[in-house]
Amino acid sequence: MKFTQSLRQFLASLSLLSAALCSGTVLAYTDYSMSNGGVRVHLPTASSASCDVVVLAVGTAMSTSSYDSLSGAITSYGYATVIIDHNVGGLTKTDATAYAALVAEVKANMPTWAAGKCGAINHYVLGGHSAGGQAAHYAVAADNNLADALFSIDPYNISSAANINLPYMVWGFNVTTCFVTKADAAQAAYQKSTGKRAFYRVEAAYSWGPCGYSPKYFHCSFCDGHCPACTNCQLTPASFFVDVAASVNAFIQSAFYTNWSKAALNISTTTPLTLFVDSDNL
């Protein structure tokens with residue numbers, strides 16, 4: 001009993017330490033409790049006539065407070081970033097119907113929430129992490145009008161999903177981590193896109209960490225702290241959030257404002273990446 005309590009205290013301390021050392025850019029936020037779930041909104045610091053909104057659903061057992069470093073990095077480019085939880089307090093986050101209902105609430109309220117920062121909303125880029133990414137894919141596949149584009153981070157179990165003909169960017173891994181099979185996650189989402197598509201695949205890199213010798217970058221690297229049940233507890237480098245945000249900016253600019261090309265999407269990163277675009281085979 002004492003050993004179990006000590007182990008729990010150790011893991012809690014490790015999670016707090018990890019969150020503290022993941023020194024991504026964290027901006028001010030506002031939390032909202034909606035009828036269909038919870039919402040955390042990060043707004044850009046500077047005001048503009050218009051902006052784009054990135055909406056990301058949380059992964060299994062996660063909450064809207066789990067992605068502040070990633071949100072801050074994306075928002076620093078002038079985008080509004082909204083983290084949503086369509087099953088607050090629940091373990092599973094794969095319900096596409098619940099996801100769509102909460103997104104509808106976000107879109108109805110976003111002009112008010114963003115007043116003074118975004119004069120108008122140009123586009124909604126929808127997606128999610130892990131199970132939240134699955135919910136986003138299925139929701140948009142059922143209603144293409146829900147989104148203008150998709151951005152998901154290692155979406156879970158997409159291999160049986162329908163195709164989507166919208167601009168679609170995914171981040172994933174060339175190694176299976178946290179029990180999320182690499183072929184069924186981002187790789188599958190890339191293959192299920194029939195429009196403009198980009199896949200930033202993080203290549204395997206191993207190093208010593210709090211849990212031993214394990215992948216430096218893994219399924220839960222997008223979170224502050226770590227995901228429950230994931231055996232990897234490597235600390236996420238701040239550069240990782242910087243790299244993801246840079247790719248989001250390149251994706252949005254290329255999809256809506258400039259020319260879509262692999263050259264435009266091929267950003268300089270610290271994270272070891274291989275970029276696949278459009279007809280590129282995996």
Side-chain angles (χ1 to χ4, degrees), residues 4 8 11-12 14-16 18-19 22 29-42 53-71 81-110 113 124-143 146-147 150-162 170-172 176-181 184-186 188-189 218-233 236:
T4 301
R8 287 175 178 170
L11 291 175
L14 182 62
S15 179
L16 290 173
S18 173
C22 292
Y29 57 81
T30 305
D31 290 329
Y32 298 97
S33 180
M34 313 302 293
S35 60
N36 290 293
V39 175
R40 175 165 290 192
V41 178
H42 285 84
V53 180
V54 178
V55 181
L56 294 174
V58 304
T60 300
M62 306 305 286
S63 70
T64 57
S65 64
S66 303
Y67 301 87
D68 285 347
S69 295
L70 178 61
S71 295
T81 307
V82 183
I83 306 299
I84 65 172
D85 183 354
H86 49 284
N87 186 20
V88 177
L91 177 67
T92 60
K93 311 291 182 178
T94 56
D95 190 328
T97 301
Y99 175 96
L102 184 51
V103 166
E105 280 195 287
V106 168
K107 293 170 76 171
N109 286 278
M110 198 66 208
W113 294 342
Y124 283 93
V125 180
L126 304 186
H129 174 223
S130 191
Q134 181 192 116
H137 188 109
Y138 276 84
V140 174
D143 180 8
L146 198 63
L150 286 93
F151 157 55
S152 279
I153 41 185
D154 217 23
Y156 171 71
N157 198 16
I158 302 296
S159 57
S160 298
V170 287
W171 268 64
T176 292
T177 62
C178 303
F179 312 105
V180 176
T181 304
D184 292 333
F218 59 105
H219 181 70
C220 292
S221 291
F222 304 96
C223 311
D224 297 325
H226 298 288
C227 303
C230 184
T231 56
N232 195 329
C233 54
T236 304

V170 versus A189, closest heavy-atom pair with distance = CG1-CB, 3.7 Å
For H137 and A162, indicate whether the former's side chain and the latter's backbone hold a donor-acceptor pair under 3.5 Å.
-> yes
Tell me, do D68 and Y29 make a side-chain contact under 4.5 Å, heavy atoms counted?
-> yes
Minimal heavy-atom distance between A100 and A139, with the atoms involved, is CB-CB, 4.3 Å
Begin from the C-alpha positions of T30 and W113 and carry the test side-chain contact (heavy atoms from CB on, under 4.5 Å) through to its verdict.
-> CA-CA 9 Å; T30 305; W113 294 342; over 6 Å; no
What residues form a side-chain hydrogen bond (donor to acceptor under 3.5 Å, both in side chains) with D143, not counting sequence neighbours?
-> none
Atom pair NZ (K107) and CG (L126), whose distance is rounded to the nearest 0.5 Å = 6.5 Å
Does V103 reach the side chain of Y124, with side-chain heavy atoms less than 4.5 Å apart?
-> no
Hits for side-chain hydrogen bond (donor to acceptor under 3.5 Å, both in side chains) against S160, two or more places apart or cross-chain, chain-then-number order -> none
Should Y99 and I84 count as side-chain neighbours, where that means a heavy-atom distance under 4.5 Å?
-> yes
By side-chain hydrogen bond (donor to acceptor under 3.5 Å, both in side chains) - contacts of S152 (at least two apart) = none
Decide yes or no for H129 and V58: does some side-chain heavy atom of the first lie under 4.5 Å from some side-chain heavy atom of the second?
-> no
State, yes or no, whether a side-chain contact exists between V39 and T64 at a heavy-atom distance under 4.5 Å.
-> no
Do L70 and I153 come within less than 4.5 Å of each other through their side chains, counting heavy atoms only?
-> yes
Which residue pairs pass the side-chain hydrogen bond (donor to acceptor under 3.5 Å, both in side chains) test with at least one member in residues 83-94, sequence neighbours excluded?
-> D85-K93
Spacing of NE2 belonging to H42 relative to OG1 belonging to T81, to within rounding of 0.5 Å | 7.5 Å
Sorted by chain and number, sequence neighbours left out, side-chain hydrogen bond (donor to acceptor under 3.5 Å, both in side chains) with N36 holds for E105
4.5 Å side-chain heavy-atom contact, Y67 and L56 | no
Heavy atoms of Y156 and A131 approach each other most closely as CB-N, 3.8 Å
Smallest separation among heavy atoms of G38 and V88, with atom names = N-CG2, 3.3 Å
